[in-house]
Amino acid sequence: MGFILSTTTIVCNNVFNKNSKTISIRKPQIGSSKTSSWLQSGVSYQGKQKYVRQRVNTKYWIISASSQVALEEFVKCNGAKGVHETAGISRSKSKALRNKGIERPVIIGVAADSGCGKSTFLRRVNEIFGTKVSQSHTPQGELVTVICLDDFHTLDRKGRAEKKVTALHPEANNFELMYQQIAALKEGHDIMKPIYNHQTGLIDPPELIQPNHIVVIEGLHPWYDSRMKQLLDFTVYLDISDEVKVAWKIQRDMAERGHKLENILASIESRKPDFQQYIDPQKKDAIAVIQVLPTQLIPDDKEKKVLRVRFIQREGIPGFQPVYLYDEGSTIDWIPCGRKLTCSYPGIKFHYGPDNWYNHDVSILEVDGNFDKLEELIYIESHLNNTSTKFYGEITQQLLRNASAPGSNNGTGLFQVLIALKIRQLYEELTGKNIAPVLV
Ligand SMILES: Nc1ncnc2c1ncn2[C@@H]1O[C@H](COP(=O)(O)OP(=O)(O)OP(=O)(O)O)[C@@H](O)[C@H]1O
Ligand SMILES: O=C(CO)[C@H](O)[C@H](O)COP(=O)(O)O
C-alpha cells in the first residue's frame, strides 16, 4: 500500500471524523531515512478534528493510514495523487535559505543511462566547488546537493518485474511528484523526498531535503517531463554509444559486482527500447552533451579503451559561452603530439568547429585518443579559450587531483572538468556570488 501526498494544503478533514479509520502524522528527523528512527519520532492522532488543526500547523506531512481505504480516501479528498507511501512539501520557506544565505537555488540536470559516468562527473563538479558532501543517501554539502531521480521510481524492483516494465518506463516513475518537489526546492521550500533503495530494490521512507545553493538532479529522466525544462538552469547529457556502454557495464558489473556476462548483455538488451524512447530523446535539448564513441584512430578497435569524445555545446545560451580551440568559429583539426605532448600509439587528435545538433547551432570540441602524461595537459589547456578557469593551469590541476577517476586520461575527464567550470561560472552569474578556486 502506498500513496503520495503531493498537495501542500489539506482542504478536507471528513475522513478523520470516522472512528473506524486511523490516520497518523509523524514528524521526521532531519536526514533520517531509517524506518526505525523515523517511526520513533511519530505522534499519532486518531480520527479526531484536533488532528487536522495540529496537522495544518505541522511543517512536514508524513501520512500513513490504518487501512488502504482510509488512506485512499484521505489522499483523494486532499487532491493528492501517486503511489508513494509518503512525501511532502513544506508550506513555509525553508530555514536553510537564511541560515546558508541562499538567495536562489540553481538547479542543474544531468541525464544519462545507468553506468554512464554520472557519479564520476558529479565528483568532478564537487571538486570544483571544493566542498565535501555527506555520505548519506542524498549527498549534501555546504554548496551542492545531488538528488538521484531513481528516488521517484513508483514501482519497486518486484513491482517492475510483475508488471514487466523497466525502470526507464514512465509508468515506473512519478513525474508529477518530481516536478512538484524540484519546483518547491527551487522556490526555497523543504521537501520530504521518497527514497529508492538500490540495495534492496524497495521504496524506503522519505528523507528531508532542504534547498541548497546548487541542487543537481541526476538520473534517467531529468527533463523527460517538459515542465522540468523550465526549472533547470543548466542541462548536461552523457551520451555513451552502445559499444562503449557495454564495455563499461561489463567492466563494472562483472569486476565489481560479480554479475554474469550473459545477464549484463540481457539487461542492456531489455532496456534498449525504453532507453531509445524515453531517455535518449532528452539529448536533443541539452545545453552540453558529452558524446563518447569508439576511437577512429584504431581500425575496428575491440577493446574500447581508446575513445573518441565530443563536447557538444549549444550556442546562444545566456550564461554559457562555449569553449573553443584557437579561433572561435573556425574549423580546426589538430594533432598536438610532438615536442610538448607525449603520445604513444595510436596518438591524439583534436577537432573543433561549428555544427548542427538536432536543429540547434552548436560548437563541437572533440578529442580522440588518450593522454600519456596528465601534467602535459597544460599544453592543451593553453590552447583552449573560454574555459571559465580562474587561473592558468586549473583544468590540468583538476585532472591531476582526480587522476585515478575513470576517464581522466581522455576526453571524458577533460570535458567533465570543462562543464564543471561552466556550472561554477553560471552559478556566479546567476547569484552574484564568488566561489574561490580550489588551490592544491
Ligand atoms: N570516462 C570513463 N572512462 C572509462 N570508464 C568509465 C568512465 N566513466 C565511467 N566509466 C565506467 O562506468 C562505471 C560507472 O560509472 P559511474 O558510477 O560514474 O556511472 P553512473 O552513471 O553514476 O552509474 P549508476 O547510475 O549505475 O550509478 C565506472 O565504474 C567505470 O567502470
Ligand atoms: O536504471 C537505473 C538507474 O540507476 C536502475 O536500473 C534503476 O534505478 C533500478 O534500479 P535497480 O537496478 O537497482 O533495481
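The figures that follow rest on heavy atoms only: side chains count, while hydrogens, waters and symmetry mates do not. We count ligands from 1, going down the list as the structure has it; atoms in each ligand are counted the same way.
Side-chain atoms of Ser388 and Gln425 form a donor-acceptor pair, as typed in the model, at a separation below 3.5 Å. Side chains of Glu315 and Ser363: a donor on one and an acceptor on the other come within 3.5 Å.
Taking a heavy-atom cut-off of under 4.0 Å, ligand 1 is surrounded by Asp113, Ser114, Gly115, Cys116, Gly117, Lys118, Ser119, Thr120, Trp248, Gln251, Arg252, Glu256, Pro406, Gly407, Thr412. Closer than 4.0 angstrom to ligand 2 lie heavy atoms from Ser114, Asp150, His153, Arg157, Arg160, Ala167, Tyr196, His198, Leu220, Arg271.
Taking the side chain as every heavy atom from C-beta outward, Ile419 and Phe121 approach each other to under 4.5 Å. Gln140 is not listed as a side-chain neighbour of Val133, based on a closest heavy-atom distance of 4.5 Å or more. Side-chain contact between Lys433 and His213 is present, with at least one heavy-atom pair separated by less than 4.5 Å.
Tyr326 and His383 have perpendicular rings, their planes meeting at more than 60° on a 0 to 90° scale where under 30° would count as parallel. Aromatic ring pairs are classed by plane angle as parallel below 30°, tilted from 30° to 60° and perpendicular above 60°; the pair Phe175 and His221 is perpendicular.
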Steps toward ring pair (Phe, Tyr, Trp, His ring centres under 6.0 Å) verdict (Tyr352, Trp334): CA-CA 8 Å; Tyr352 162 75; Trp334 183 38; over 10 Å; no
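A cation-pi arrangement is absent between Lys284 and Tyr237 under the rule of less than 6.0 angstrom and at most 45 degrees off the ring axis.
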